[in-house]
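Report on the following structure.
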Protein chains: 2
Amino acid sequence: MKIGELSSMTGVSIRSLRYYEEQGLLTSVRMDNGYREFSPLAEEQVRTIQFYLSLGLTTEQIASFLTCVLKNKEAFCEEVLPIFEQKLKEIDGQLLLLSQIKTNLQDRIRSIQEER
Amino acid sequence: MKIGELSSMTGVSIRSLRYYEEQGLLTSVRMDNGYREFSPLAEEQVRTIQFYLSLGLTTEQIASFLTCVLKNKEAFCEEVLPIFEQKLKEIDGQLLLLSQIKTNLQDRIRSIQEER
DNA sequence: ATAAACCCTGACATTAATGTCAGGGTCAAG
DNA sequence: CTTGACCCTGACATTAATGTCAGGGTTTAT
């Protein structure tokens with residue numbers, strides 16, 4: 001299928017699909033006219049990419065295990081676990097920071113409201 | 001005082017001090033030689049700026065109430081409350097998103113570990 | 001008077017995925 | 001054969017605070 005079809009089937013912009021290909025997340029063959037031709041499997045693949053992106057992984061991280069994950073269960077791909085664990089640590093750090101800021105903001109808001 | 005002094009007193013880079021001035025957060029007068037001269041009050045002011053930055057506010061938001069806040073209590077500055085409340089909403093949104101991702105990651109990590 | 005340590009401005013780089021535009025081919029239907 | 005709907009590449013823009021470099025003036029101490 002052509003890139004426009006893949007785009008409308010997945011809801012992912014053509015620009016992003018080209019970017020995924022550039023980053024090695026997606027492959028296509030070129031037709032005589034230079035157009036990209038994607039396999040039907042690409043749809044599933046794009047959804048998988050989007051899913052991992054929604055977990056906050058980078059294209060580079062996704063690229064490191066995508067091929068394996070598309071063929072096997074996640075548990076089968078050695079790369080996956082360390083990346084998930086690292087991401088989890090990052091998120092815990094962010095959660096901590098954000099809660100501290102939240103508490104601080106709430107305190108200040110409260111004290112402003114009391115003072116009025 | 002000169003910018004280098006202000007920088008070492010506050011731990012904020014010269015580059016950032018110039019940026020704060022550019023964004024209207026900080027003022028200085030120019031000496032005959034073109035050097036910036038800061039008032040002694042600038043030290044406190046820089047710390048205040050850094051504090052609000054650490055809450056995740058932008059220089060633009062800070063600029064909108066900094067002058068008032070430097071002279072009065074926060075409760076006195078009308079601008080402050082809506083900005084704090086908006087930021088709080090933002091943070092709640094981020095917290096929610098991050099916790100969802102965290103849960104998802106934890107589930108996946110667990111299921112990988114079980115499968116090994 | 002020279003060297004070290006300041007200061008100045010202006011500009012480009014950083015991050016990461018995506019939007020958007022320009023300039024130009026290709027294809028299909030009328 | 002023309003028009004509209006595709007496709008291509010390449011490039012710049014986005015965000016926000018900060019780092020860094022170049023090229024050049026100033027001050028201070030020796």
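A note on names: the letters A, B, ... follow the listed sequences, proteins ahead of strands, and every chain is numbered from 1. Not measured: the values here are computed from a predicted model.
Closest to the Y20(A) side chain, of the nucleotides dG19(D), dT9(D), dT18(C), is dT18(C). If you check dA11(D), dA17(D), dC8(D) against the side chain of R15(A), the one that comes closest is dA11(D). Of all nucleotides listed (dG19(D), dG19(C), dC8(D)), dG19(C) comes nearest to the side chain of S13(A). Among dC27(C), dA17(D), dT9(D), the nucleotide with an atom closest to any side-chain atom of N33(A) is dC27(C). Listed candidates were dC7(D), dC7(C), dT9(D). Nearest to the side chain of I14(A) is dC7(D). Residue L53(B) places its side chain closer to dT18(D) than to any other of dC8(D), dT18(D), dC7(D). The nucleotide whose nearest atom lies closest to any side-chain atom of Q50(A) is, among dA17(C), dC7(D), dT18(C), dT18(C). Here the nucleotide nearest the side chain of Y19(A), chosen from dA16(C), dG19(D), dC8(D), is dA16(C). The side chain of S16(B) approaches dT18(D) more closely than any other nucleotide in the set dC7(C), dT18(D), dC7(D). Checked against dG19(C), dT18(D), dT27(D), the side chain of Y35(B) finds its nearest nucleotide in dT27(D).
E43(B) places no side-chain N or O within donor-acceptor distance of the main-chain N or O of P40(B), the cut-off being under 3.5 Å.
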Run the salt bridge (Lys or Arg N to Asp or Glu O under 4.0 Å) test on E22(B) and R18(B) for me, step by step, so that the C-alpha distance in whole Å, both residues' side-chain angles and the decisive distance to 0.1 Å come before the verdict. CA-CA 6 Å; E22(B) 196 182 34; R18(B) 293 201 187 110; over 6 Å; no
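Straight-line distance from the CZ atom of R18(B) to the P atom of dT18(D): 14 Å, rounded to whole Å. For Y52(B) and dA17(D), the OH to P distance is 16 Å, given to the nearest whole Å. Atom pair F38(A):CZ and dC8(D):C1' shows a separation of 12 Å (rounding to whole Å applied). In this structure, CD of E90(A) is placed 10 Å from P of dA16(C), rounded to the nearest angstrom. Rounded to whole Å, the distance from CD1 on I3(B) to C1' on dT27(D) is 17 Å. Whole-Å rounding puts the Q61(B) CD to dT15(D) P distance at 14 Å. Whole-Å rounding puts the K2(B) NZ to dT27(D) C1' distance at 7 Å. Rounded to an integer number of Å, the gap from E22(A) CD to dA16(C) C1' is 12 Å.
Comparing R36(A) and Q23(B) against DNA chain D, the residue whose closest nucleotide sits nearer the 5' end is R36(A).
Classification of R108(A) and E74(B) as a salt-bridged pair holds, one side-chain N sitting under 4.0 Å from a carboxylate O. Salt-bridge annotation for K89(B) and D92(B): absent, with no side-chain N of the basic residue lying under 4.0 Å from a carboxylate O of the acidic one.
Under the 30°/60° scheme for interplanar angles, the aromatic rings of F65(B) and Y52(B) are found to stand perpendicular.
Checking the phosphate oxygens (OP1, OP2) of dA16(C), no side-chain nitrogen or oxygen of T59(A) falls inside 4.0 Å.
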